[in-house]
Amino acid sequence: RNKIGDAGVIAITKALTAPNCKLTELYLWYNNIGYVGAIALAKTLENPNCKLTELVLWGNNIGDTGAMALAYALKNPNCKLTKLDLWRNKIGDVGAVALSKALKHENCKLTSLNLRYNKIGDIGAIAIAKALKNKNNKVTSLDLWNNKIGAEGAKAIAKALKYKNCKLTSLYLCYNKIGNTGAIAIAEALKHENCKLTKLILYDNKIGDVGAELLKEATRDKNIELSL
């Protein structure tokens, strides 16, 4: 943890676009970075000299504006990111919708998206679920831990799991409010031939006995790691 802030990020981005820079992973945890810094990073990702494939921005404050800027960059053919981690960044449905549009773009290369500890509700979850069904989507790991997702968002994600284009193998939805209704929908999806999940984390979701039993039944004969 440091306090480099937006000014520090802007300085770093200048180095990332230097022809001789070979950095592929950048971790900037808890650094007081706001949307200005996120915009600078987004512009850098669009530069052909930038070689970043992994960007981790845990515990900053980029918000929806910063998420939208990064989403725009993901659609650029020069962007090489395969992993984007935006844990605890005050991102809501607006930012989630922007990111979902990026996932549907042919130039987007993301395979791992972490949106843990944000403010994403059913609107954002539904948008992301639609993206998972798109032929251009490449995401195999999706982390929506501790957001504001309810049954409707869970049902949308469950529906996506049944699509051939959905490539998810790991799904983290704990600390939301999907309840029995969401759990039942996911349990049904797990039985579908197109579902590729091998890891499913759902604890602290107000799931009752019915939902829990159906999930256990659905994973019993499959190689799926289930946490309730």
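The structure presented is a predicted model; accordingly, all values stated were derived computationally and were not measured.
Within the model, atoms OG1 of T17 and CG of L52 stand 10.5 Å from one another, a figure rounded to the nearest 0.5 Å. Here the CG atom belonging to L113 is positioned 9.0 Å from the CG atom belonging to L132, to the nearest 0.5 angstrom. Annotation: the span from I4 atom CD1 to N31 atom CG amounts to 4.0 Å, rounded to 0.5 Å. The CG atom of L74 lies 7.0 Å from the CG atom of L99; values are rounded to the nearest 0.5 Å. L161 contributes atom CG, which lies 5.0 Å from atom SG of C166 (distance to the nearest 0.5 angstrom). Separation of atoms CG (N47) and CG (L16) is listed at 9.5 Å; rounding is to 0.5 Å.
By the rule that hydrophobic residues join a cluster once side-chain heavy atoms approach within less than 4.5 Å of another member, L45 and L110 end up as members of one cluster. Hydrophobic cluster membership differs between I157 and I123, with clusters built from Ile, Leu, Val, Met, Phe, Trp and Tyr side chains linked at under 4.5 angstrom. Both L86 and L171 belong to a single network of hydrophobic side chains, linked directly or stepwise wherever heavy atoms of I, L, V, M, F, W or Y lie under 4.5 Å apart.
Taking Ile, Leu, Val, Met, Phe, Trp and Tyr as members and joining any whose side-chain heavy atoms lie under 4.5 Å apart, directly or through other members, the hydrophobic cluster of M68 also contains V94. Clustering of Ile, Leu, Val, Met, Phe, Trp and Tyr by side-chain heavy atoms under 4.5 Å joins I201 with Y27, W29, Y30, V56, W58, W87, Y117, W145, Y172, Y175, Y203.
Within the 4.5 Å cutoff, side-chain heavy atoms of K119 are placed close to those of K90. Between D85 and L55, every side-chain heavy-atom pair lies at or beyond the 4.5 Å cut-off. Residues L173 and I186 are in side-chain contact: their nearest non-hydrogen atoms beyond the backbone lie under 4.5 Å apart. At least one side-chain heavy atom of I91 sits under 4.5 Å from a side-chain heavy atom of D64. At least one side-chain heavy atom of K130 sits under 4.5 Å from a side-chain heavy atom of I126.
Counting non-hydrogen atoms of neighbouring residues, nucleotides and ligands closer than 6.0 angstrom, the NZ atom of K80 exceeds 12 such neighbours. The 12-atom threshold is exceeded at NZ of K75, counting heavy atoms of other residues, nucleotides or ligands nearer than 6.0 Å. Within a 6.0 Å sphere centred on NZ of K14, heavy atoms belonging to other residues, nucleotides or ligands number 12 at most.
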List, one per line, each side-chain donor-acceptor pair under 3.5 Å for residues 219-228, sequence neighbours excluded.
unit_1 : atom_1 : unit_2 : atom_2 : d
T219   : OG1    : L215   : O      : 3.0
T219   : OG1    : K216   : O      : 3.2
K222   : NZ     : L190   : O      : 2.2

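Nearest heavy atom pair, residue A38 against residue G66, reads CB-CA, 3.6 Å. E217 approaches K191 most closely through the heavy-atom pair OE2-NZ, 3.9 Å. Here the shortest heavy-atom pairing between L28 and L41 reads CD1-CD1, 4.5 Å. Nearest heavy atoms, N134 versus N165: O-CB, 3.6 Å. Taking every heavy atom of both residues into account, A151 and G182 meet most closely at CB-N, 4.2 Å. Shortest non-hydrogen contact noted between C79 and A73 is CB-O, 3.2 Å.
Residues satisfying the side-chain hydrogen bond (donor to acceptor under 3.5 Å, both in side chains) criterion with K155, sequence neighbours excluded, are E152.
The one candidate from L84, L103, I128 that meets the side-chain contact (heavy atoms from CB on, under 4.5 Å) condition with V139 is L103. Put simply, the residue from L57, L81, I39 that forms a side-chain contact (heavy atoms from CB on, under 4.5 Å) with L70 is L57.
For residues 31-59, the salt bridge (Lys or Arg N to Asp or Glu O under 4.0 Å) pairs, not counting sequence neighbours, are E54-K83. The stretch residues 94-108 participates, sequence neighbours left out, in no side chain to side chain donor-acceptor pair (under 3.5 Å) pair at all.
When atom types are taken as modelled, the side chain of N32 and the backbone of K3 share no donor-acceptor pair closer than 3.5 angstrom. Side chain of N136 to main chain of C108: no donor-acceptor pair is present (N/O by atom type, distance under 3.5 Å, no hydrogens or angles). A distance-only check finds no donor-acceptor pair linking the side chain of D204 to the backbone of C174 [under 3.5 Å]. A donor-acceptor pair is defined here as one N or O able to donate and one able to accept, closer than 3.5 Å; such a pair exists between the side chain of T82 and the backbone of T53. Judged purely by atom type and a 3.5 angstrom limit, K167 uses its side chain to pair as donor or acceptor with the backbone of N137. When atom types are taken as modelled, the side chain of T198 and the backbone of T169 share a donor-acceptor pair closer than 3.5 angstrom. At least one donor-acceptor pair under 3.5 Å links the side chain of N76 to the backbone N or O of N78. Remark: the backbone N or O of K177 is paired with a side-chain donor or acceptor of N205 at under 3.5 angstrom. Between the D143 side chain and the R116 main chain, no donor and acceptor come within less than 3.5 Å of each other.
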query = How far apart are the C-alpha atoms of T44 and I12, what are their side-chain angles, what is the distance that settles it, and do they pass the side chain to side chain contact (heavy atoms under 4.5 Å, CB included) test?
reply = CA-CA 10 Å; T44 300; I12 290 171; over 6 Å; no
